Every structure is written in C-alpha cells, then in structure tokens.
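Note that this is a predicted model, so its numbers are computed, not measured.
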Amino acid sequence: MPSDQSQSTSNRAGPLAGLKVIDLTHVMAGPTCTLMLADMGADVIKIEKSPGGDDTRHSVPPKIGDEAASFLMMNRNKRGIVLDLKTEGGKEVLRRLIAGADVLVENFAPGAMERLGFGYEELHKKFPALIYCSLSGFGRTGPYKHRRGFDLVAQAMSGIMSFTGERPDGPPVKCGPPLSDITAGLLASMGILAAYTHRLKTGEGQWVETSLYEAALVQTYWQSTIALAAGTAPRAMGSAHPLNAPYQAFEASDGWLVVGGANKKHWLLMLEALGASELAADPRFVTGADRMANLKELEVVLSERFRTRTRAHWLAALDEKGVPCGPVHDMLEALSDPQTLARKMVVEVEHSTLGPVKTIGLPVKFSETPGKVASGAPVYGEHTREVLAEHGFDRAQIEALEQEGAIVSAARERRERVA
C-alpha cells in the first residue's frame, strides 16, 4: 500500500491526511466526490484533459478574475495537473501516479477508461490494493449502462420531476440544484471510505461504483414508499409533504416562511401561536390522516391566518412555542445567515492568482481531526511540474513531456505568453 507522504501532503489537515487520490473526474458528480475527500485531508491530484481542461472552466458567467466561479467552487483543496492521455507520455505519467495512489476516481464515458488502458480489471492485476471508483449515468450493469449521464435525465427518469411542482396537473419540474450529481458524489465518497475501511483490514482494494440514476432514486424514499405500498404514483404538491400536514410554506404579509406542524404536539402548539386553537376540534383536522385527507381546505384556512401578520411576527410566535419553522431565504440571505457563518459554511480561501475567494465550508465537523479549506482551486496546469517531480520525473524528462504535448504546466504557459 502507498505510504510515503510528500511534504505537500504531510502537512494537510483532516482524518484522511496521507490518503492519495487520483482524480480523473470533471464537471459535477465526480468533483463532488473528490472535493469531500480533499476537504477531509486527502491529497487529491486533479488530472485535467489537454486541451481545454475541465468543462466547468468554461461554465461562465460568472467569473472571478479570469477563472470560472463554478470551477473554483468544485476544485478547491486539490492540486491540478494537465495530461493528454492519448499520448504515450501522458499514459506513462498516469501509470506512475497510480502506482503511488490509494484511490482512483473517474467519471469518463462508458468504456473510455478501458480503451485508454486504465480499466479496473487491468489496474487491479497490477495494483490489487487500489480502490477504483467509477461514477456514471446509469451504472456498469443493466440495459442503460452505455448511456451518458446528465442530472436532468436522472431527475426525469427517477420520477422526481413527476412530483415536483406546484400542482398535480402541472408540467414536470426539475429541482433547482443538480441533485443527482451532488448526491452521486456524496455516495461515491461514502463508498470509497467503506472500501478503504475494508482495505485497512485486509489489504484488498476493490471497484466502487454508483450512478446519477441511483443517486436520484435514493432521493425518492418517501414517494417510493407510497408507490410501492399503495400502488399509486405521487404527484406534485408544491412545498407540502406527501405523508404529513401541515409541513410546508405559507405566505405572511411580507414574505414566505415554512412550518412543520405535522405531529399532534406541534399541530396544537402551532394553533396556539396562530391564535386558532378552535381548529383543534375541527373534524377535518383532528388527526394527521384527517389533515392529509383535507389538505387543500387546511391550506386555505391556515393561509388566511398567516397573511394577517408579518413573517417576523409568526417566526417569533412559532419559535416561542417550539414549533419547527424558518424563513424562506434566497441564496444571498442563506449565505449571510448567522447560523451559516457560525458553522463556518462560508469561508475564504487563498487562490494563487486571485487572492482570497469565498467558498462553501466543510459540512462535516471532526472534534479531533478537523478538515480545512486550505487552498484555492488550481489554475490550469498549476501543479504539473511539482507532482511529476514528486513521482520521480527529473527536469529533462518533464521538459521532454512538455515538448511531446503529453503534459501542460502553468509555468510553461506563462513563459510562452511572456515570449
């Protein structure tokens, strides 16, 4: 198993310090996976294609300086190199990096890694301790295994778009965030850590894989429960819950808030906060089943009451009673919320050319081995020479690889621009 730590990795913080990860991913799902690992201390070497790099480098606007904001968000805490894997030199570099790695993560098109000579079966023979993680659209088995993956398609085919929206007879609606991409990345990182635990016990690596389709399906637990148990397909309900009521958004006189008054205790406390205790005896709303059966009537009655006062008034009244509630924030409000800041979920990281850049913080906290957002996303080819030197390439070999077009380094690009 790889054990030697370079100086750049030995000083990293977090429970995964010393874990070496080769990141052959791009755009969203794969980079989410490796971002989680990097934030927990792994030394993630992000390999970008030549020419062009990760597609998110071209997802603009917005930009911060000369860099795409989307790339900066998904690739902080990683070191970046550029390889052309269609060249022999590029392949040789990758082979040497893999030899010193614990984990390889890829989200290439189906069959691409095999064609390049880096499929799991081939690498497992040479590096049996390597943990090899693949993310794809639909997984490596089944009738759709050769299809390319996109979040929009996963949300549609998983059923999510059929029950998202304002009303049951409305058009299908996609969830705002790339839900299947992010979830697939989280599942992949979880799988890698489970495989790493197994390897610590046995010395044995394995293939970990997941897909956007499965990641979308696991977001449907409640709706799948209804479909499997009742044989009916849930439809769109706006912000309401398919199993409990009231558990949704209501409009106050000056804005929106959400309220979770679904169980008996919170239902009665919510009525007290609203000054509507008489509704407790209304036969339409006595039990949770009653409220679900008469949800439209319940929404009308409660909406009339909420519109009479400001959002701040209702939030204070509900909070005093211990009823789950909160304002509906836009993103600027969410990112400046005092709880967001207290949990260090917005932090500044130093970028090599841009200076301080704001980014999302670590969502998992560790009492003894805290992770850290330590470095900004790499500029194109920023660490190519550094990483190759760590893996035994001397200056002449690196320059020969540059001449071949097998690698790109930021230092060379700067020299060529000056010339």
Side-chain angles (χ1 to χ4, degrees), residues 8-21 23 25 28-46 54 56 59 62-65 67-80 103 105 175-179 181-190 192-193 196 257-258 260 312 315 319 324-379 382-383:
S8 61
T9 61
S10 62
N11 294 326
R12 295 182 68 84
L16 297 183
L19 189 75
K20 296 184 179 181
V21 180
D23 179 1
T25 71
M28 192 70 176
T32 297
C33 168
T34 53
L35 178 67
M36 294 296 106
L37 302 177
D39 283 357
M40 291 187 284
D43 179 21
V44 175
I45 299 173
K46 180 179 179 67
D54 191 317
T56 54
S59 296
K63 294 175 73 173
I64 300 176
E67 301 289 332
S70 54
F71 182 85
L72 296 176
M73 178 63 75
M74 299 311 302
N75 295 288
R76 85 285 176 93
N77 267 355
K78 305 174 186 179
R79 295 194 288 165
V103 180
V105 189
C175 293
L179 179 147
D181 280 316
I182 295 172
T183 304
L186 297 175
L187 293 174
S189 64
M190 178 184 72
I192 288 168
L193 296 180
Y196 185 49
L257 69 154
V258 293
L315 290 172
D319 191 55
C325 63
V328 177
H329 281 156
D330 64 27
M331 278 314 307
L332 290 175
E333 291 170 328
L335 294 173
S336 61
D337 188 282
Q339 184 65 21
T340 303
L341 302 180
R343 294 293 289 173
K344 298 182 179 178
M345 284 306 294
V346 173
V347 296
E348 279 194 342
V349 61
E350 191 71 22
H351 186 271
S352 60
T353 63
L354 301 175
V357 175
K358 289 185 177 180
T359 187
I360 294 291
L362 281 64
V364 181
K365 276 67 175 179
F366 300 89
S367 64
E368 302 302 322
T369 55
K372 182 181 180 182
V373 182
S375 60
V379 300
E382 179 171 349
H383 302 101

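- In summary, Lys372 and Asp39 do not engage in a salt bridge, as defined by a charged side-chain N under 4.0 Å from a carboxylate O.
- In terms of heavy atoms, Leu354 sits closest to His351 at N-ND1, 3.2 Å.
- Pro378 approaches Phe71 most closely through the heavy-atom pair O-CE2, 3.3 Å.
- A pairwise comparison of heavy atoms in Val379 and Ser352 identifies CG1-OG, 4.0 Å as the closest pair.
- The side-chain contact (heavy atoms from CB on, under 4.5 Å) test with Lys344 singles out one residue from Val347, Leu341, Val346, and that residue is Val347.
- Rounding to the nearest 0.5 angstrom, the gap separating the CG atom in Asn75 from the CD atom in Glu67 is 10.5 Å.
- A donor-acceptor contact shorter than 3.5 Å is absent between the side chain of Thr340 and the backbone of Ser336.
- Shown here for Ala68 and Ser59, the closest heavy-atom pair between the two residues is CB-O, 4.0 Å.
- To the nearest 0.5 Å, atom CG of residue Asn77 and atom CE of residue Met36 are 10.0 Å apart.
- The two atoms that bring Ser375 and Lys78 nearest to each other are OG-N, 4.3 Å, heavy atoms only.
- In this structure the side chain of Val103 reaches within 4.5 angstrom of the side chain of Val105, judged on heavy atoms.
- Between the side chain of Lys365 and the main chain of Arg343, a donor-acceptor pair closer than 3.5 Å is present.
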From CA spacing to verdict: side-chain contact (heavy atoms from CB on, under 4.5 Å), Leu257, Val328: CA-CA 5 Å; Leu257 69 154; Val328 177; 5.6 Å; no
Test log, rule side-chain contact (heavy atoms from CB on, under 4.5 Å), inputs Leu35 and Arg76: CA-CA 7 Å; Leu35 178 67; Arg76 85 285 176 93; 2.9 Å; yes
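- Closest heavy-atom contact between Asp319 and Cys325: N-SG, 4.1 Å.
- A side-chain contact (heavy atoms from CB on, under 4.5 Å) with Met74 is found for one member of Thr359, Thr32, Thr56, Asp54 and no other, namely Thr32.
- Summarising the geometry, atom SG belonging to Cys33 is positioned 13.0 Å from atom CE belonging to Met28; distances are rounded to the nearest 0.5 Å.
- Atom CG in Leu19 sits 8.0 Å away from atom CG in Leu193 (nearest 0.5 Å).
- At a threshold of 4.5 Å between non-hydrogen side-chain atoms, the residues Pro31 and Lys46 count as touching.
- The distance from the CD1 atom of Ile192 to the CG atom of Leu16 is 10.0 Å, given to the nearest 0.5 Å.
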Test side-chain contact (heavy atoms from CB on, under 4.5 Å) on Val21 and Ile45 and set out the steps. CA-CA 6 Å; Val21 180; Ile45 299 173; over 6 Å; no
